[in-house]
Amino acid sequence: MPVPASQIFDFIDQSEGGTAERHEIASAAFGNLRRSLRQIVSRCFDPDDNRAVEVATGLRALLSEWLTVPVPFDGMMLESMKHWLGEPESVQACWGSDLRGLYDTALCAAEGLQAIENPVRERLRTMIRDLRTQGANIRVYCHRRAREHFESLMGPPDDYPFPDGTFLHSVKDYRETEPFDVLIKVGPLRSRGWGAAPDAILTAPRFGKLVQIVWMGCSDEVDFGYDPVSLETASATPEAAGEVIASATGRGSVKWTTQVIRFGNDPGALPGYVAEADELMVFRVLGQSPTQCAATLIQTDRRHGILYRPHTKVISFDPDPTARPPIAHRVPGETLVEGMFLINPCVGHVDLGELRAEHGHYSNIWRTRLEQERQRDAAGLIRRLREAGLDLVGLRSAINHWCEAPTTVIHAPQQMRHFEILVRVLGAGGDGSGRPTEARIPWWRPAWAEIRRSRGEAIQAGVEKVEIVEEHLLGVLQALLPQIRARSSAKVGFSIPIPAESGVAGQFLFDTVCAVEYGFRVPVSELGIIRELSVIDQWRD
Amino acid sequence: MRVNTQTTALFSEAGQEWRPLPPWVEFLTRLGYRWPNDATAPRRIALVSMPCDSAGAGLVALGVLVRDLGNPNANEIDGHYDALLRYARQYLAWCRSCDMQCRPAEKDCGFAAMATGRIKSLRKPCTGYMISEETDFGKRQIAFSRRGETTKPIPGFENRVGANYYVNGESPPEVHETDGALPGEPYASFADGMHIEPENLRRSFSGLCLAGRVAGGAATRDICSTVRLRTMHGEQMLSELLTVHGWCLPSLVSRVTFYNTRTRRFDRGPSEPALVVADGDGAFLEVLGSRAFQRADVIGIIHRTLDREDLEAVGTRLLGLRQWYDEDRELHVTLPTMPRGISVAVLRKRTH
């Protein structure tokens, strides 16, 4: 529910303007790690080397997360780097000794970091405790998936957990929150991508103080705080004259007073480091490719989402009984909002002689085998998969995830080669009846096609081509409205078979719209496909 | 009608307690009230930026509505009979025999909505009439049929008698005083000493248009319904005071047309407003891109709690206008004092 305008204006009248505290953190160990990784990423963005670009994209996402989220310094940092780069010897073999040297430095730094607490987390915890002592009404602005790192900061016995309503994840959350005392933000102020926050934080503050904790060298976007009406421009922050710097800038019709407080020391930083190597700015430029396009993310559940071009119209269902029409083409973020459902028609069949792929047919078979093996000997299964070449970080948790019952999307490896390895190691295949099949292609292929269909991918290569929704499928949807309404009341994704009399075989897949987020640049081939959010992160701006 | 020089209305939002008009409400209603009403002046475009979502567009429209109540020319009477003739021609020549009812975009017939041929009468509100094919366009005489019987065209019908008839589903151009004219008092509270033409309280007008939110027609009405105003006349919702057709009961008079930004349709009649108040960024952009408003002044009301993409879409549009528009500093200095949190940009079309 929006907050009454009178309440906001009353708050504005009582406040003198905005106050910001910017806590800049420096750390020698973390500085070494980030500098090394930054250089690896810069060198690996070679359009002629697909593998190098893949590695660079993955590392870029890692470092971007570490710079904008209060992650703990633990073994996951080391493991994540190794997932992308592997062993130092293989880095040297692929890309030479210079890159190997940078990698060695990064590995050493990551090892050392495990012995200390992340100073950002330390600072954050201290500050929250102080604010709580003062009785301040606090809000934290962060990405949904960063929330767990904030929550892990405060817990019994020393601290009580954050109360409900503390976290704001979107401009909608911000719009619906009543005035409060302090807004906490980790990372620079950016309008999109990693660390994104609404411009309204500066142009329409409904809090007295902004507390920002950033790694040294991470600058706010120059034009953050955009107001299409305001003709004022922000004045430059004065040069540092000591540990504390104050400045006053205008953002729209709001005056801000900023105090910069610096903590820690990083001897490895070059003079003028701030201007030289703001990784998030560097990465944004590096990440732009002519084969990529801007995209908007629709998150469909805790782990998955779909990317669309901005202003794309997608077929959707609004469960609001007053919505007219309930089924319509809508634009994500504009007319397609949280609480609605995306509709993905999953049509077509796979010709395998006597076999016909009903949705979920193949996944039931290999998932059953996987669950059996997991129960029987999980460690052995993991070892066999790794030996066969399925070298994922966190393989155990991935297996657990793949065993979960599917909703509209079948949980499975993201890459085809990983899935082929999985099926081969499991020995899954056939229709379970024991009859030999007349299949002309390996069993895992239609199983993979089934997975891809569940993700919304068009099936090519001589099997079937999925058509986009035609006029008569829209009519079919209208006729199914009572059934759709009934199923949507559970507020989770579901599927409904396309009636046979429509002349089309398949399913309508309904995915919930959990959140809409801007600020991605993705290969065109990734649009419209359900992907895991951990994969989508690599395309965050 | 002479009025008080101070606004005496009380204000309540979202069921909260009554209070004198807050400065932001005063500002927005006065912005509308003081907006220049000069058909000869170059086109103006204004954008009001608010710190939060609000019924701001409705308040600006209210101010403009009050301003127009003082204008003796702000009514539909003079052109009403011509509008009925055009409607009759559309029905008889096109819509009555159309094989594609009603998909005007596909048919590409040039119309925005179907003419059903149905007519209502103020004298006999329970009776329905149909435009008859015995209508004589050469003599400018409209014939009606009712239950299969045709009334012959009445000479002199186009005189004031014609004002008793209006298109079914729209507002009549004028009502008899006893039939539900607008009460003067609520509007007088905002009139700042201006004289309100009593006749205008009985007459509809389509010179002011409110362009609704892209979410749908109900969205603007709903947020306007959260604002209540209390005057000597009593309590009314802002949505009622705006007199949009179908929003306001029980008066038939409508002094604000409504443009549904989602369906791109007006609530009544062909409309060529002199001023459009656009509710939200989507409506603002839609209005600027629509031929229906290309000669109208535009006042857009947006709020800054939007995604960057949406803010940039508006900013880019404003920047694009700078090729042909200049900042209207002259008007800017005449605006009422801006409360903290609100910013306004006003552009004026460059004259050669």
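What you see is a predicted model, and the numbers here were worked out from it, not measured in a lab. Below, read A as the first sequence line, B as the second, and so on, with proteins coming before strands; counting in each chain starts at 1.
- Contacts between A/Ile8 and chain B at a heavy-atom distance below 4.5 Å involve the side chain alone, from C-beta outward.
- Contact of B/Val227 with chain A is not made at all, since no heavy-atom distance falls under 4.5 Å.
- Contacts between B/Arg317 and chain A at a heavy-atom distance below 4.5 Å are absent for every atom of the residue.
- Side chain to side chain, B/Arg304 and B/Ser49 meet the donor-acceptor criterion of an N or O pair below 3.5 Å.
- The choice from A/Ala204, A/Pro2, A/Ala5 that makes the most heavy-atom pairs within less than 4.5 Å of chain B is A/Ala5.
- Taking the six-membered ring where the residue is Trp, B/Trp24 and B/Phe11 present perpendicular rings, their angle passing 60° and hence far from 30°.
- Heavy atoms of A/Arg330 lying under 4.5 Å from chain B are absent altogether.
- Distance check: B/Arg348 CZ to B/Arg329 CZ gives 13.5 Å after rounding to the nearest 0.5 Å.
- Tested against A/Glu517 for a side chain to side chain contact (heavy atoms under 4.5 Å, CB included), the candidates A/Ile536, A/Thr296, A/Leu297, A/Leu307 yield a single pass: A/Leu297.
- Of the possible donor and acceptor atoms, none in the side chain of B/Arg43 sits under 3.5 Å from a partner among the backbone N and O of B/Tyr325.
- Rounding to the nearest 0.5 Å places CZ of B/Arg264 at 8.0 Å from OG of B/Ser290.
- Both the backbone and the side chain of A/Tyr226 come within less than 4.5 Å of a heavy atom of chain B.
- Neither the backbone nor the side chain of B/Met338 comes within contact range of chain A, judged by heavy atoms closer than 4.5 Å.
- Contacts of B/Glu312 with chain A are made by both backbone and side-chain atoms, with heavy-atom separations under 4.5 Å.
- For chain A, the nearby part of B/Thr316 is the backbone; its heavy atoms alone come within less than 4.5 Å.
- Between A/Trp256 and A/Phe207, the angle of the ring planes lies from 30° to 60°, which puts this pair in the tilted group.
- With a 4.5 angstrom heavy-atom cutoff, B/Leu318 touches chain A only via side-chain atoms.
- A/Ser316 contributes no side-chain N or O that, together with a main-chain N or O of A/His329, makes up a donor-acceptor pair within less than 3.5 Å.
- Residue B/Leu319 does not touch chain A at all, counting heavy-atom pairs closer than 4.5 Å.
- Heavy-atom pairs under 4.5 Å with chain B peak, among A/Thr322, A/Asp10, A/Ile201, A/Val337, at A/Asp10.
- Contact annotation for A/Thr335: only side-chain heavy atoms (C-beta onward) come within less than 4.5 Å of a heavy atom of chain B.
- Relative orientation of the A/Phe317 and A/Phe341 rings is tilted, given thresholds of 30° and 60° on the angle between their planes.
- With chain A as the partner, the residue from B/Ala14, B/Pro22, B/Gly315, B/Pro51 showing the most heavy-atom pairs under 4.5 Å is B/Pro51.
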